Every structure is written in structure tokens, then in C-alpha cells.
Amino acid sequence: MLDKRLNIGVFGGTFNPIHNGHLRAADEAKRRLHLDIVIFVPSHVPPHKELENDTSADHRLEMTRLAIGDRAGFEVSDLEVRRGGNSYTRDTMRELHQTYPNAKFTFLLGIDAYKDIATWYDVESVLPMADWAVLLRPGYEREELDKPLGRLAELYDVMADGSLWHEESGTRIYYLEIESIDVSSTQIRARLETHEPTDDLVPSAVGDYIRKTGLYES
Ligand code: ATP
């Protein structure tokens, strides 16, 4: 029997809280990239953004677990929360490579996260550890895609389809226009603060958890 290489998508984020936009994007990426599994990895301390409301990593992890439930082909990893401290993607990818030595990894990230990539910790080591699928959310501008890599762009060849190829590692950075849902965690927190309903934006189990715990109430 052929030993098929596992195709794993990694979706990192703060998930404060996780919302239907995340789920829909992961679903679409999984289908279109033929990923066997997508692993959601909630961060402990996100190095790149202020964590509003100080929502604990345990709450964010629990909401992510509730959102995924027993959906086939999706998993939640607590590796960043367990590791504690700043959640550097370099360390996370190292750990995942150790756990799944034969897998091929694709890191999923939205265009807003990609825009900051040049500032990521040890970014030159991180990029060759996986393929990178940049999810283009509604309203993106083509010019936004040229700048994020800065001087790192020199390490890549531009392919005919616009994707970037890193010859040494055999990894790619490419863009995926997704249907997505134009929603962010910021919008959800704002609604919750003013006691507006969020039922259309988060899975019901997550909504129940937020109500039960009183998270995001000002
Ligand atoms: P915030 O509003 O607090 O900045 P967020 O909604 O962007 O949060 P994160 O947890 O920071 O959520 O996002 C995790 C990943 O999901 C990032 O790569 C982000 O770009 C992407 N993402 C967030 N919302 C969407 C969406 N609606 N569609 C597609 N990707 C998304």
C-alpha cells in the first residue's frame, strides 16, 4: 500500500472569540487545498497583537473546542496554550513536524495576519517550514500582496500563477480567494459589549459559553 503523505492545514489565531468567519474559511481551504485535516491552534500570548479583554487562553481554547465539536477533519491543538509564554509559530511548527514527521503542512492565514509576517519572530526559519495559504478576505486590494515580505521576497521566485516558490525548501506562498464571511472577533466583542445579539456570527455552543461565563461583558 502506498504510504500517503498526510496533508495538514494549520490555522493559528487568537480566536477571541472564534467565529463563523474562521470556520467557513477553514472549511473552504480544507476543501480546495485537499487537506486531510485542519488543526486549529489557539495562541497563548499572541506576539503580534494586544489581547483585548484579557480573555484567558483557557477560555479561548475552550471556545475553539466547542466550535469544532466532533466535526470530521478538524482538530484543536492545545500545544501553544500548554507551552505558555509568547506563542511563536516557529516553535509550533517545529513541534508539529516532530509529531507528524511525514506530513506536509500548509499554514492558513488571513491577509491581515500576512501583512505583519515580516515582523514575526525568526521569520526566515518559519517560512520554509510549511506552505502558506494566504486567505484573501472580501475587499482586499491586489497591491496589498506585494509588500508584506519586504526584503524576504528576494528568497522567492514568482511563479506564473503569482505564487511564490522557495526553491531550497520546496515550499510555496500562495493566495486563495475565499468566499468567507466578513466578520472579525473585534466586531463580535463590540456587539457583546453593547448587548447586541451575535447568534448569526458564532456557533451556538460558543454563544452559550459566552453567555454562561459572561465573557466580554464590560
Ligand atoms: P481580531 O478582530 O481580534 O483581530 P480576527 O477576527 O482577525 O480577530 P484572529 O483569531 O486574529 O481573528 O484570526 C486568526 C486567523 O483567521 C488570522 O489569520 C485571520 O486573518 C483569519 N481570519 C479572521 N477572520 C476571518 C474571516 N472572516 N475570514 C477569513 N479569515 C479570517
Side-chain angles (χ1 to χ4, degrees), residues 9-33 35 38-68 74-81 86-89 92-93 105-121 123 126-127 130-141 144-145 148 173-194 196 198 200-203 206-207 210 215-216 218:
V10 181
F11 200 19
T14 317
F15 303 126
N16 185 27
I18 190 163
H19 52 66
N20 292 340
H22 295 130
L23 297 174
R24 174 87 173 268
D27 240 353
E28 193 175 339
K30 179 173 183 295
R31 187 169 36 82
R32 288 180 43 199
L33 304 178
L35 302 171
V38 174
I39 307 178
F40 284 69
V41 188
S43 59
H44 181 254
V45 177
H48 293 100
K49 54 206 267 188
E50 284 288 311
L51 192 55
E52 287 193 36
N53 294 68
D54 261 352
T55 315
S56 76
D58 287 334
H59 278 311
R60 293 182 286 104
L61 174 63
E62 184 56 22
M63 288 189 281
T64 309
R65 284 187 169 137
L66 288 168
I68 299 306
F74 293 88
E75 268 182 27
V76 181
S77 168
D78 64 356
L79 73 85
E80 291 194 349
V81 175
N86 274 343
S87 299
Y88 295 125
T89 302
T92 303
M93 289 312 302
F105 288 99
T106 303
F107 198 98
L108 313 174
L109 82 172
I111 176 73
D112 52 329
Y114 180 63
K115 278 186 194 159
D116 289 336
I117 200 148
T119 68
W120 284 23
Y121 184 68
V123 64
V126 184
L127 287 173
D131 279 350
W132 296 76
V134 181
L135 311 175
L136 301 178
R137 294 160 77 170
Y140 84 96
E141 305 280 342
E144 295 178 60
L145 308 179
I173 299 175
Y174 54 94
Y175 312 107
L176 196 65
E177 288 182 33
I178 55 166
E179 294 277 327
S180 184
I181 304 176
D182 198 9
V183 57
S184 67
S185 301
T186 305
Q187 264 171 277
I188 293 169
R189 293 192 301 270
R191 278 205 199 180
L192 288 164
E193 270 170 33
T194 51
E196 282 174 71
T198 55
D200 51 333
L201 304 180
V202 297
V206 173
I210 292 172
L215 285 175
Y216 310 111
S218 45

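When a ligand or atom number is given, it counts from 1 through the structure's own listing order. It should be emphasised that the depicted structure is a prediction, and the values quoted were computed from it without experimental measurement. Hydrogens, waters and symmetry mates are skipped; everything else that's a heavy atom, side chains included, is used.
Between the W132 side chain and the L127 main chain, a donor and an acceptor come within less than 3.5 Å of each other. Looking only at distances, no side-chain donor or acceptor of H22 sits under 3.5 Å from a matching main-chain atom of A25. For the pair R189 (side chain) and N16 (backbone), a donor-acceptor distance under 3.5 Å is present. Proximity of a side-chain donor or acceptor of R60 to a complementary backbone N or O of I18 within less than 3.5 Å is not detected. In this structure, the side chain of R24 does not engage the main chain of E179 through any donor-acceptor pair within 3.5 Å. Between the side chain of S56 and the main chain of H59, a donor-acceptor pair closer than 3.5 Å is present.
In this pair, F15 and F40 present their aromatic rings tilted. The plane angle is within the 30 to 60° band.
A distance of 9.0 Å separates CG in L33 from CG in D131, rounded to the nearest 0.5 Å. To the nearest 0.5 angstrom, L201 atom CG is 10.5 Å from D182 atom CG.
Atoms of ligand 1 lying under 4.0 Å from at least one heavy atom of A25, given by number and element, are 29 (C). The contact set between ligand 1 and R189, taken as ligand atoms under 4.0 Å from a residue heavy atom, comprises 3 (O). Which parts of ligand 1 touch S185 is read off a 4.0 Å heavy-atom cut-off, strictly below it: atoms 1 (P), 2 (O), 3 (O), 5 (P), 6 (O), 8 (O), 12 (O). Annotation for ligand 1: atoms under 4.0 Å from non-hydrogen atoms of T186 are 1 (P), 2 (O), 3 (O), 4 (O). Within the listing of ligand 1, atoms 18 (O) sit less than 4.0 angstrom from a heavy atom of L109. Close approach of ligand 1 to D112 is summarised as follows: ligand atoms under 4.0 Å from at least one heavy atom of the residue are 7 (O), 19 (C), 20 (O). Numbered from 1 in the order shown, with element, the atoms of ligand 1 that lie under 4.0 Å from a heavy atom of V183 read 24 (N), 26 (C), 27 (N). Remark: ligand 1 atoms within the under-4.0 Å shell around heavy atoms of A113 are 18 (O).
With a 4.0 Å cut-off on non-hydrogen atoms, D182 does not touch ligand 1 at all. With a heavy-atom cut-off of 4.0 Å, Q187 does not touch ligand 1 at all. Contact annotation: for S184 versus ligand 1, heavy atoms closer than 4.0 Å belong to both the backbone and the side chain. Of the heavy atoms in H19, only side-chain atoms (C-beta onward) come closer than 4.0 Å to ligand 1.
At a 3.5 angstrom cut-off on N or O pairs, G12 does not count as close to ligand 1. Ligand 1 has a nitrogen or oxygen under 3.5 angstrom from a nitrogen or oxygen of I181. Not a single N or O atom of G13, backbone or side chain, sits closer than 3.5 Å to an N or O atom of ligand 1. An N or O contact shorter than 3.5 Å links F15 to ligand 1 by distance. Below 3.5 Å of separation, one finds no N or O of N16 facing any N or O of ligand 1.
What you find for A130 and M93 is that their closest heavy atoms are CB-CE, 4.0 Å.
Taking a 4.0 Å cut-off on heavy atoms, F11 registers as neighbouring ligand 1.
The only option from I111, T119, I117 that meets the side-chain contact (heavy atoms from CB on, under 4.5 Å) definition with K115 turns out to be I111.
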